[in-house]
Amino acid sequence: EVQLVESGGGLVQAGESLRLSCAASGFTYDDYTIAWFRRAPGKEREGVSSITTSEHVTYYADSVKGRFTISYDNAKNTMYLQMNSLKPEDTAVYYCAAGSRRWMRVLLSAPNRADYWGQGTQVTVSS
């Protein structure tokens, strides 16, 4: 069974950085698309960034391009999200999710394609 465990959330001030981690276990195939989503209070769930585990093809939401960097460590089966220049509007619960590699181009806009989800980690950015 695939399990995803997020960590690294916290409270920071605007302009500061955080790095989120998502430890994956139980993968049975060689290649998945795994992604970060976030949900802010009163808002819809938003796809933030995704990466394929084999070729490390990446996608980003326009709202985070140039500030966030996604990566995947195959030796550790762990995905990271380096978040720089954080803004109060980045405040949300951040979730990692995994699905088939074939959804790599659409997963951020189609979260229903994800097969597995983590429990989430809270990120709060104060102004």
Side-chain angles (χ1 to χ4, degrees):
E1 180 182 353
V2 174
Q3 291 190 327
L4 303 171
V5 180
E6 304 95 335
S7 62
L11 171 63
V12 297
Q13 293 188 334
E16 294 185 339
S17 300
L18 273 178
R19 189 176 79 156
L20 304 183
S21 300
C22 173
S25 61
F27 280 162
T28 56
Y29 301 110
D30 291 336
D31 203 6
Y32 288 81
T33 299
I34 54 176
W36 290 100
F37 291 84
R38 65 187 182 186
R39 187 190 293 270
K43 294 188 177 181
E44 296 286 324
R45 180 171 49 190
E46 176 188 16
V48 175
S49 184
S50 67
I51 188 168
T52 57
T53 58
S54 179
E55 297 179 342
H56 295 185
V57 177
T58 60
Y59 294 88
Y60 294 92
D62 288 342
S63 58
V64 305
K65 280 181 182 176
R67 299 189 298 123
F68 291 9
T69 302
I70 194 170
S71 60
Y72 186 75
D73 185 329
N74 291 83
K76 297 180 179 180
N77 283 345
T78 299
M79 175 175 65
Y80 301 98
L81 186 68
Q82 178 66 43
M83 304 186 295
N84 298 330
S85 302
L86 282 162
K87 304 175 181 180
E89 51 263 44
D90 295 317
T91 295
V93 178
Y94 284 70
Y95 300 89
C96 67
S100 170
R101 180 191 182 279
R102 62 181 170 170
W103 304 126
M104 69 175 181
R105 289 184 176 84
V106 302
L107 185 61
L108 293 185
S109 59
N112 57 308
R113 298 296 185 183
D115 297 312
Y116 310 101
W117 290 86
Q119 293 299 308
T121 185
Q122 175 71 47
V123 172
T124 303
V125 184
S126 64
S127 58

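All values reported here derive from a predicted model rather than from experimental measurement.
Atom OG of Ser25 is separated from atom OH of Tyr116 by 11.0 Å, given to the nearest 0.5 angstrom. From Leu4, atom CG reaches atom OG1 of Thr78 across 10.5 Å, with rounding to the nearest 0.5 Å. Rounding to the nearest 0.5 Å gives a distance of 8.0 Å between OG1 of Thr69 and CG of Leu81. Atoms CZ and SG, from Phe37 and Cys96 in turn, are 10.5 Å apart once rounded to the nearest 0.5 Å. Between the CH2 atom of Trp36 and the OG atom of Ser50 there is a distance of 13.0 Å, given to the nearest 0.5 Å.
Under the salt bridge (charged side-chain N to carboxylate O under 4.0 Å, His left out) criterion, Arg67 pairs with Asp90, sequence neighbours left out.
The shortest distance between side-chain heavy atoms of Glu6 and Leu20 does not fall below 4.5 Å. At a threshold of 4.5 Å between non-hydrogen side-chain atoms, the residues Leu18 and Leu86 count as touching. At a threshold of 4.5 Å between non-hydrogen side-chain atoms, the residues Met79 and Ile70 count as touching. Looking at Ser63 and Arg38, their side chains come closer than 4.5 Å, going by heavy atoms from C-beta outward. Residues Gln82 and Ser17 meet the side-chain proximity criterion, which asks for heavy atoms closer than 4.5 Å.
Between Thr91 and the choices Leu11, Val125, Val123, the side chain to side chain contact (heavy atoms under 4.5 Å, CB included) rule is met once, by Val125.
Residues Val57 and Tyr29 are members of separate hydrophobic clusters, defined by side-chain heavy-atom contacts under 4.5 angstrom among Ile, Leu, Val, Met, Phe, Trp and Tyr. When hydrophobic clusters are built by joining Ile, Leu, Val, Met, Phe, Trp and Tyr residues whose side-chain heavy atoms come closer than 4.5 Å, directly or via intermediates, Tyr72 is grouped together with Tyr94. Cluster membership check: Met83 shares its hydrophobic cluster with Val48, using side-chain heavy-atom separations under 4.5 Å among Ile, Leu, Val, Met, Phe, Trp and Tyr. Val64 and Val12 fall within the same hydrophobic cluster, defined by Ile, Leu, Val, Met, Phe, Trp and Tyr side-chain heavy atoms under 4.5 Å apart, directly or through other members.
Here side chain to side chain donor-acceptor pair (under 3.5 Å) pairs that include residues 118-127, with residues two or more places apart or in two chains, are Gln122-Thr124.
Between the side chain of Thr52 and the backbone N or O of Tyr32 there is no donor-acceptor pair closer than 3.5 Å. With hydrogens and angles disregarded, a donor-acceptor distance shorter than 3.5 Å links the side chain of Ser49 to the backbone of Tyr59.
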Listing, residues 101-112 side-chain donor-acceptor contacts under 3.5 Å, not counting sequence neighbours, or none:
{"unit_1": "Arg101", "atom_1": "NE", "unit_2": "Asp31", "atom_2": "OD2", "d": "2.7"}
{"unit_1": "Arg101", "atom_1": "NH2", "unit_2": "Glu55", "atom_2": "OE1", "d": "3.3"}
{"unit_1": "Ser109", "atom_1": "OG", "unit_2": "Val106", "atom_2": "O", "d": "3.1"}

